[in-house]
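Please read the structure below before turning to the comments.
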Amino acid sequence: MFTLFGPQLVRDLQQRGFDIFLDLKFHDIPNTTAHAVAAAADLGVWMVNVHASGGARMMTAVREALNAFGNDAPLLIAVTVLTSMESSDLLDLGITLSPADYAAKLAQLTKNCGLDGVVCSAQEAVRFKQELGQAFKLITPGIRPAGSEAGRSASHYDARAGADGRR
Ligand SMILES: O=C(O)c1cc(=O)[nH]c(=O)n1[C@@H]1O[C@H](COP(=O)(O)O)[C@@H](O)[C@H]1O
């Protein structure tokens, strides 16, 4: 939607009273990502995200850029491991951890960098709530009817168990 209609769509929806999660999953060098996320904050969005695999320096730069917005800063979350990724996909990238363990590592890194939460599979939500605390937000996409799950997507039941938000 954003690619098709750009920031004016965001403004139009805000005028209609919607809070916007600008789900652009930024992933670039720290300075560039910080500027992109600051531009999202200028738009007045409610939540924005980056890829945790951009690393600690990137996430810290983004956190610092948003701190300048004080109480008006959007929630800042990081995508851990996309729900479409399976062990074989990670192995192709040279990552030998399981998707769940790699996601846990990225989620801990995200928390250490001061972000507000992560996007993760609902299958990981209960574990992450236990390991990272109740205040750390978990957004769980890819929720499917039970029995039709693909990759690391999960059922509504799994999502209800631990997540703060789902898509
Ligand atoms: O948007 C996301 O952050 C996202 C992260 C992720 O790990 N997996 C994932 O499926 N998504 C998004 O969640 C949505 C899932 O849609 P369905 O496949 O229709 O359930 C898509 O828009 C994906 O882009």
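All residue numbers in this chain count up from 1 along the given sequence. Whatever order the structure lists them in is the order used to number ligands and atoms, beginning at 1.
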* Asked: Hey, are Gln130 and Arg127 close enough side-chain-wise for a donor-acceptor pair under 3.5 Å?
  -> no

* **Atom indices of ligand 1 within 4.0 angstrom of Leu82 heavy atoms, with elements** => 5 (C), 6 (C), 7 (O)

* Asked: More than 12 heavy atoms of other residues, nucleotides or ligands under 6.0 Å from CZ of Phe69: is that the case?
  -> yes

* Asked: Heavy atom of Met85 under 4.0 Å from ligand 1?
  -> no

* Asked: Using heavy atoms and a threshold below 4.0 Å, how should the contact between Asp23 and ligand 1 be classified: side chain, backbone, both, or neither?
  -> side chain

* Asked: Under 4.0 Å from any heavy atom of Thr83, which atoms of ligand 1 are there?
  -> 6 (C), 7 (O), 8 (N), 9 (C), 10 (O)

* **Those atoms of ligand 1 less than 4.0 Å from some heavy atom in Val119** => 3 (O), 5 (C)

* Asked: Which class fits the ring pair Phe21 and Trp46: parallel under 30°, tilted 30 to 60°, perpendicular over 60°?
  -> perpendicular

* **Any N or O of Ser84 closer than 3.5 Å to N or O of ligand 1** => no

* Does NE2 belonging to His27 count more than 12 external heavy atoms closer than 6.0 Å? -> yes

* Keeping to residues at least two apart or across chains, list the salt bridge (Lys or Arg N to Asp or Glu O under 4.0 Å) pairs with something in residues 106-120. => Arg63-Asp116

